[in-house]
Amino acid sequence: MTEETPPQVRLANEIAVQFHHRPPEQAAQAIAQHIRMFWDPRMKAALLRLAAADPNSLDPLALAATREIG
Amino acid sequence: MALLKEPDLGTPAKPGEATVSVEVDGHPVTVQEGTSVMRAAALSGIDVPKLCATDSLEAFGSCRLCLVEIDGRKGTPASCTTPVSEGMRVRTQTPRLEKLRQGVMELYISDHPLDCLTCAANGDCELQDMSGVVGLRQVRYGYEGENHLDLEKDTSNPYFDFDPSKCIACSRCVRACGEVQGTFALTIEGRGFESKVSAGAGEMFFDSECVSCGACVQACPTATLQEKSVVDLGMPNRTVLTTCAYCGVGCSFKAELRGDELVRMVPYKDGGANEGHSCVKGRFAFGYATHPDRVTTPMVRDSIDDEWREVDWDTAINRVASGFRELQDTYGQGAIGGITSSRCTNEEVYVVQKMVRAAFGNNNVDTCARVCHSPTGYGLKQTFGTSAGTQDFRSVAQADVIVVIGANPTDAHPVFASRMKRRLREGAKLVVLDPRRIDLVRSPYIEATHHLQLTPGTNVAVVNAMAHVVVTEGLVDESFVADRCEEFEEWAEFIARPENSPEAVEAITGVPAEELREAARLYATGGNAAIYYGLGVTEHSQGSTMVMGMANLAMATGNIGREGVGVNPLRGQNNVQGSCDMGSFPHELSGYRHVSDDAVREVFETLWDRPILSEPGLRIPNMFDSALDGSFRGLFVQGEDIAQSDPNIGHVHAALRAMDLVVVQDLFLNETAKFAHVFLPGTSFLEKDGTFTNAERRINRVRPVMSPKTGKDEWEVACEIARAMGYDMAYEHPREIMAEIASITPTFAGVSFEKLDKLGSVQWPCNDSAPEGTPTMHVDAFVRGKGKFVSTPFVATTERSTRKYPLLLTTGRILSQYNVGAQTRRTANNTWHAEDVLELHPHDADDRGISDGDRVSLSSRVGTTSLRAVISERMPVGVVYTTFHHPDTGANVVTTENSDWATNCPEYKVTAVQVGLARQAEVVAQ
């Protein structure tokens with residue numbers, strides 16, 4: 001990631017890496033739940049937009065989590 | 001109230017039940033075994049004359065004034081050093097004793113200046129009092145012989161004078177420095193008639209090891225050690241009991257005034273947190289409250305490039321209200337928000353978060369705990385069920401093993417450090433996890449059994465390895481885990497994996513595997529083991545993970561739920577705990593209840609008569625990001641200097657510049673005010689009426705010593721903004737605010753100003769189940785029912801040393817300064833630390849041609865600053881350290897946007913940097 005990485009992507013990826021030890025489905029659910037519990041709606045919306053526009057910028061688990069949120 | 005003089009029973013209390021009955025001058029009294037005759041007498045209402053004894057210090061027996069007669073015993077033993085025994089009959093007033101005491105007093109007075117009427121301690125001098133008590137009428141030796149009356153006064157300390165001509169060599173100061181403070185800076189130099197108190201090896205106080213805690217001044221029975229403020233202003237004549245506004249220890253103080261002028265702050269013996277002790281900040285550094293830099297009139301300006309214009313309160317409040325409403329009309333309800341302050345009272349904080357949620361109509365409220373202990377909130381809630389430390393401070397006296405992780409209590413929480421050091425001197429074992437060799441590692445009579453000098457950023461690897469040892473070596477407290485916890489098996493399988501072993505992580509952490517194993521074994525098997533931690537735990541990309549890792553370790557070893565154990569955050573600011581408790585986080589209402597909980601929200605909505613959004617609002621760093629993307633346009637900042645204290649200052653400044661309306665409420669025109677459009681003057685702790693909650697969940701009263709210099713209490717200002725925005729919010733007195741808090745916050749249900757005034761303080765939870773509060777949490781069950789083990793894989797921070805930035809910077813605090821220095825820089829504390837410096841290891845300095853005192857540049861991938869180098873072997877090779885007390889240094893110019901994954905607490909403790917000799921041009925440019 002660079003300084004130009006959108007903050008929502010950076011933050012989602014930082015969360016995701018903490019759940020790499022969990023089975024992917026569980027991890028995605030946990031990441032999604034964390035984002036639901038702690039993120040402002042505009043950040044969630046921005047993350048979903050960014051995920052749609054550039055899915056490769058997201059950790060696969062974070063990307064999976066966006067599907068749970070959406 | 002009139003000047004409060006607390007009773008002095010002469011010697012400390014002894015623990016246990018009162019079982020020994022004695023008779024003093026015919027008065028029966030029953031006391032604990034080991035109690036001195038002097039204390040027993042005092043408890044029966046009889047004060048035995050004394051000079052070298054005071055109940056904060058162990059008996060010394062040097063002054064010979066407290067002699068008594070005891071039936072069946074020869075001679076006249078000193079009552080301070082003589083313990084009671086069953087059936088003892090004591091006489092404290094007999095002609096023989098009277099004569100002996102007069103003789104002793106004659107000797108003292110023959111070598112003491114007879115300037116009582118002009119002495120600063122006139123009326124507060126025990127020597128003067130005892131002369132009267134013993135009936136001294138003459139001094140047979142005259143005043144012409146050899147004496148100490150010409151000894152020179154030491155005025156080097158900015159807060160107190162040392163006048164050896166008035167010293168009676170009672171050693172109270174020397175003993176206070178050792179027993180109470182634990183610094184051992186003072187000594188008695190010389191023998192016999194040559195005996196005199198000395199700071200260090202004949203040094204001036206300022207040049208000595210003295211930390212200016214004031215314990216010696218407090219203990220001195222004469223004017224030998226005297227506050228300069230008393231010398232200048234005279235002896236105070238009334239007292240207001242209140243609470244310190246510096247660190248999270250939350251010391252209780254007697255604010256002593258002469259008329260309406262504050263003369264001195266004296267630590268209160270009945271203060272639950274400090275029990276009569278203090279540090280240089282709370283005791284002496286209160287002058288900022290009346291500093292000429294204080295702004296006491298509201299000010300506005302159209303642009304941050306304009307000059308400020310003074311206006312009346314109505315104009316300022318209407319500007320805030322109309323400006324915020326216009327922004328919401330244009331950009332949406334979520335375009336504005338607020339930040340609450342850990343330096344404000346619970347009542348002030350509660351009202352600001354209510355203003356945001358009810359009047360602004362969103363959850364965009366956060367607090368400065370975001371940048372310090374938000375991971376504590378997250379981690380302890382996940383594992384234990386609530387966001388608070390488990391013990392009271394007294395608990396450390398029962399600890400057998402003390403583990404200090406990422407905290408430097410002698411500098412940052414000095415009064416608690418003194419308690420801890422006392423226990424360590426009694427024999428408790430110490431384990432320190434810190435990259436730096438902090439003072440605790442080796443100080444007078446204390447040496448850490450293990451100093452795990454880990455590489456910054458590897459906390460989780462270390463705590464996991466400790467837990468690995470516990471699990472794989474059969475050190476788990478099986479019955480505690482079975483009875484009290486859940487999800488152990490999954491965690492145990494995770495933690496037992498080879499990658500978590502001390503040997504596997506040694507290369508990452510830099511901690512020798514065998515030493516880590518020994519430390520883990522000591523923690524698990526050494527008796528009561530307690531963890532105390534600070535921002536060296538939380539301010540990392542895995543801050544929350546580390547908090548959970550410590551909780552796992554404590555649960556696995558059964559070190560939770562009784563005195564002497566626990567997981568204890570040492571909170572940075574006076575009301576960090578309280579500001580979090582009050583619902584300052586964007587996802588939680590008061591009492592740590594999530595905004596998505598319909599039932600909880602309904603309680604607030606009914607009381608506040610406004611809907612509350614069910615989704616979280618923006619955290620502070622999210623506010624900055626959103627300001628830069630244009631969706632967040634207005635911010636109310638209560639008593640926090642985000643433009644200095646928050647990381648990656650360049651980013652913060654850009655965000656503040658991008659906003660249309662920044663409102664700052666503070667004592668001073670701080671760095672954030674440079675970006676503000678409205679400045680609302682705040683009140684100092686000496687003007688506040690309310691409560692603070694300290695790191696042990698203790699709710700203390702803050703009482704006004706003077707009326708608000710601004711003409712308004714801060715809670716009134718928030719109410720007026722809310723009303724101007726169309727939401728009717730009004731209170732007559734802060735006690736009504738606390739009553740509202742208690743009515744909707746289960747953990748505060750039993751709290752009221754009346755109860756606090758009666759009991760002094762209470763620790764939450766305080767409710768019907770615990771009407772006088774809860775010193776120790778999770779005794780029979782965890783708040784969440786079962787304690788939850790959480791797997792905590794180590795994930796290295798992305799902030800790594802590189803060829804370009806080969807060193808790791810970690811930041812912290814120093815004793816004399818506090819946080820961004822807004823308060824302490826405006827006191828004589830600046831004498832000790834007038835600038836931030838960069839500590840680095842001699843090897844790193846040599847490599848770069850840096851000598852001690854050189855001006856050096858400090859660069860990271862986000863910025864560069866310059867400061868003076870201090871070469872220190874306290875630092876490991878490859879790690880440098882600085883403080884962030886001075887805006888001109890701007891340590892946070894170099895810290896980055898990295899943050900804790902769960903809470904976005906900044907990763908202040910790991911920044912890859914390069915250090916080099918500063919070129920003159922760079923210094924001038926800065």
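Throughout, a chain's letter reflects where its sequence line sits, starting with A, and its residues are numbered from 1.
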Please flag which part of [X] lies under 4.5 Å from any non-hydrogen atom of chain A: side chain, backbone, both or neither.
X      : result
B:T545 : side chain
B:N362 : neither
B:F624 : neither
B:E588 : neither
B:T792 : neither

Problem set entry | Student check: side-chain heavy atoms of A:I35 and A:I15 closer than 4.5 Å | yes
Problem set entry | B:S374 versus B:N904, side-chain donor and acceptor atoms under 3.5 Å | no
Exercise. So, A:Q33 versus A:E68: side-chain donor-acceptor pair below 3.5 Å or not?
Worked result: no
Problem set entry | B:Y378 ring center within less than 6.0 Å of A:H34 ring center | yes
Going by the rule salt bridge (Lys or Arg N to Asp or Glu O under 4.0 Å), which residues pair with [X] if we only count those two or more places apart in sequence or in a different chain?
X      : answer
A:R22  : none
B:D900 : none
B:R633 : B:D660

Problem set entry | Criterion side chain to side chain contact (heavy atoms under 4.5 Å, CB included) against B:R370, the qualifying member of B:C580, B:S584, B:P586 | B:P586
Exercise. Above 12 or not: heavy atoms from other molecules or residues under 6.0 Å from CD of B:E487?
Worked result: yes
Problem set entry | Most contacts with chain A, counted as non-hydrogen pairs under 4.5 angstrom, among B:L618, B:N622, B:V795 | B:L618
Problem set entry | Residues in residues 44-53 of chain A that sit under 4.5 Å from chain B, counting heavy atoms only | A:K44
